[in-house]
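Since the structure is predicted, the reported quantities are computational estimates derived from the model, not experimental observations. Within every chain, numbering begins at 1; the chains are lettered A, B, ... in the order of the sequence lines, protein sequences first and strands thereafter.
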2 protein chains.
Amino acid sequence: MQDFEKILENNNVKPTAMRLLVLQFLLNKKVATSLTDVENYFDKSDRTTLYRTLKTFVEKGISHKIDDGTGITKYALCEENCHCEIDNDLHLHFHCTNCNETICITDYKIPRITLPTGYIAENINLVVKGICDKCNKK
Amino acid sequence: MQDFEKILENNNVKPTAMRLLVLQFLLNKKVATSLTDVENYFDKSDRTTLYRTLKTFVEKGISHKIDDGTGITKYALCEENCHCEIDNDLHLHFHCTNCNETICITDYKIPRITLPTGYIAENINLVVKGICDKCNKK
DNA sequence: TTGAAGTATGCAACAGAAGTGCATTATTTT
DNA sequence: AAAATAATGCACTTCTGTTGCATACTTCAA
Ligand SMILES: [Mn+2]
Ligand SMILES: [Mn+2]
Ligand SMILES: [Zn+2]
Ligand SMILES: [Zn+2]
């Protein structure tokens, strides 16, 4: 059994052909991926299936959903041992306004946020927009 | 001349009837407001006009655009002396998953963000999701 | 004062993404 | 093999954001 087949089974997702392909695609990609990205890559397959595949991945903790402020939802595989928990797993996302790519900056965790009394934080989304290192070099 | 008429003129926006009404509406609201919110309030007026009014307000620095992760763009008036600058003016936004409202937490600025070498930050969007103080009390 | 230019508004239409319903197909279980 | 369960594919809808264009309103110079 392949590595990525295990990933699915460990997360209680049945490893269908399409799911394996999508997982592999996400694994190879270094940047966050939109439904349209996936759709364009697998032009034979149906948008709804891909949509539901990504949705399942998020629900089962295989990947996380990213709102980078472009209005287009992105997806990226979770790190090893990620539970998308507010104190340990949340990382910031960088969106490059030049190459239009969105990257998980997993090495830099989100700093501790202070809130006014009475507010309870359940989730934090931090997106930095600017120029990425690749575009910066050019 | 009214206060809000001055706000418009100070920002080089001609104070038309509709713009004054929208500005007043935003001033009275304590929470971030979507185009649809405005549209529902002024049900006589046209969606496009309101859309362009809000757009103009953002372009001229009267209000700022908020992406709270709901997929619906929100708007809120800028504070006095705000220039939406990355180091001074950016504040975090809180989205309550209970009452569904988004609030500017202007008293708590966004902490300093560290990025990997080569990345240039131009803008930062920080949204905390959870339970707001009002909903917490109930 | 009048006409031209510039600006704002209103209506219609479009684009793109997200999401739903339902029939069909595939897989698993009995 | 039949029944139950789950995944897929197609069509369609909803919603937000956006643009094009014709009309109305302002401004300003001749
Ligand atoms: Mn990420
Ligand atoms: Mn704000
Ligand atoms: Zn880039
Ligand atoms: Zn609330």
Side-chain angles (χ1 to χ4, degrees), chain A residues 1 4-5 7-9 11-25 32-60 62-76 95 100 102 125 127, chain B residues 1 4-5 7-9 11-25 32-60 62-76 95 100 102 125 127:
Chain A
M1 185 162 55
F4 36 88
E5 205 157 339
I7 296 178
L8 292 185
E9 300 210 333
N11 290 278
N12 295 310
V13 175
K14 284 182 197 164
T16 66
M18 204 62 240
R19 285 170 178 171
L20 285 167
L21 288 169
V22 172
L23 179 62
Q24 219 180 335
F25 177 64
T33 309
S34 70
L35 170 57
T36 306
D37 289 338
V38 185
E39 199 191 359
N40 290 338
Y41 186 79
F42 299 107
D43 47 59
K44 294 262 180 76
S45 180
D46 180 66
R47 182 176 184 83
T48 313
T49 304
L50 298 172
Y51 167 71
R52 286 196 268 234
T53 299
L54 294 173
K55 197 181 172 192
T56 303
F57 283 7
V58 172
E59 283 165 1
K60 296 304 177 83
I62 293 170
S63 50
H64 59 277
K65 215 172 170 177
I66 304 165
D67 173 14
D68 60 11
T70 60
I72 295 156
T73 306
K74 306 281 166 61
Y75 302 86
H95 176 75
N100 211 32
T102 298
N125 184 36
V127 178
Chain B
M1 188 159 59
F4 37 88
E5 207 158 337
I7 297 178
L8 292 186
E9 300 211 332
N11 290 280
N12 296 310
V13 175
K14 285 183 196 162
T16 67
M18 203 62 239
R19 286 171 177 172
L20 285 168
L21 288 170
V22 172
L23 179 61
Q24 218 179 338
F25 178 63
T33 309
S34 71
L35 171 57
T36 307
D37 290 338
V38 186
E39 199 191 0
N40 290 338
Y41 186 79
F42 298 108
D43 47 58
K44 292 259 182 80
S45 181
D46 181 64
R47 183 178 181 82
T48 314
T49 305
L50 299 172
Y51 167 71
R52 287 196 268 234
T53 299
L54 294 173
K55 198 182 172 192
T56 304
F57 283 6
V58 172
E59 283 164 3
K60 297 305 177 82
I62 294 171
S63 49
H64 59 277
K65 217 173 168 177
I66 304 165
D67 173 14
D68 61 8
T70 59
I72 295 157
T73 306
K74 305 282 166 62
Y75 302 86
H95 177 75
N100 211 34
T102 298
N125 184 36
V127 179

Requested in this report: Measure across B:Ala32 and B:Asp37 and return the closest heavy-atom pair with its distance rounded to 0.1 Å.
Outcome: O-OD2, 4.3 Å
Output side-chain donor-acceptor pairs under 3.5 Å for residues 51-58 of chain A, partner residues at least two apart or in another chain, one line each.
unit_1: A:Thr53; atom_1: OG1; unit_2: A:Thr49; atom_2: O; d: 2.7
unit_1: A:Thr56; atom_1: OG1; unit_2: A:Arg52; atom_2: O; d: 2.7

Report task. Could you list all the salt bridge (charged side-chain N to carboxylate O under 4.0 Å, His left out) pairs where at least one residue sits in residues 64-75 of chain A, not counting sequence neighbours? Result -> A:Asp68-A:Lys74
Query raised in the report: Between atom NZ in A:Lys44 and atom C1' in D:dT8, what is the gap in whole Å?
Result: 16 Å
Report task. With sequence neighbours excluded, tell me which residues meet ring-ring contact (aromatic ring centres under 6.0 Å, His included) with B:Tyr41. Result -> B:Phe25
Query raised in the report: Would you call A:Ile72 and A:Thr36 a side-chain contact if the rule is heavy atoms closer than 4.5 Å?
Result: no
Report task. Find the distance B:Glu39:CD to D:dT18:P and express it as a whole number of Å. Result -> 14 Å
Query raised in the report: Who are the salt bridge (charged side-chain N to carboxylate O under 4.0 Å, His left out) partners of B:Glu39, not counting sequence neighbours?
Result: B:Arg47
Report task. Side-chain contact test, heavy atoms from C-beta onward, threshold under 4.5 Å: evaluate it for B:Leu50 versus B:Met18 and give yes or no. Result -> yes
Report task. Mind calculating the distance between CG (B:Leu20) and P (C:dA8) to the nearest angstrom? Result -> 13 Å
Query raised in the report: Roughly, in whole Å, what's the span from CG in B:Asp46 to C1' in C:dA13?
Result: 13 Å
Query raised in the report: Whole Å only: how far is the CE atom of B:Met18 from the P atom of D:dT26?
Result: 15 Å
Requested in this report: Determine, for nucleotides 16-24 of chain C in 5'-to-3' order, which nucleotides have protein heavy atoms under 4.0 Å from the base (write B), from only the sugar-phosphate (write S), or from neither (write -).
Outcome: -SSSBB---
Query - Rounded distance (Å) that lies between atom P of D:dT8 and atom CZ of A:Phe42 - result: 12 Å
Report task. Would you check if the side chain of A:Asn11 reaches a backbone N or O of A:Val13 as a donor-acceptor pair within less than 3.5 Å? Result -> no
Query raised in the report: To the nearest Å, how far apart are B:Leu50 CG and D:dG17 P?
Result: 12 Å
Query raised in the report: Please give, in whole Å, the distance from C:dT27 C1' to A:Leu8 CG?
Result: 16 Å
**Report entry** Side chains of A:Ile62 and A:Leu8 in contact at under 4.5 Å (non-hydrogen atoms)
**Finding:** yes
**Report entry** Base-contact (B) and sugar-phosphate-only (S) positions in nucleotides 2-7 of chain D, heavy-atom cut-off under 4.0 Å, - elsewhere
**Finding:** ----SS
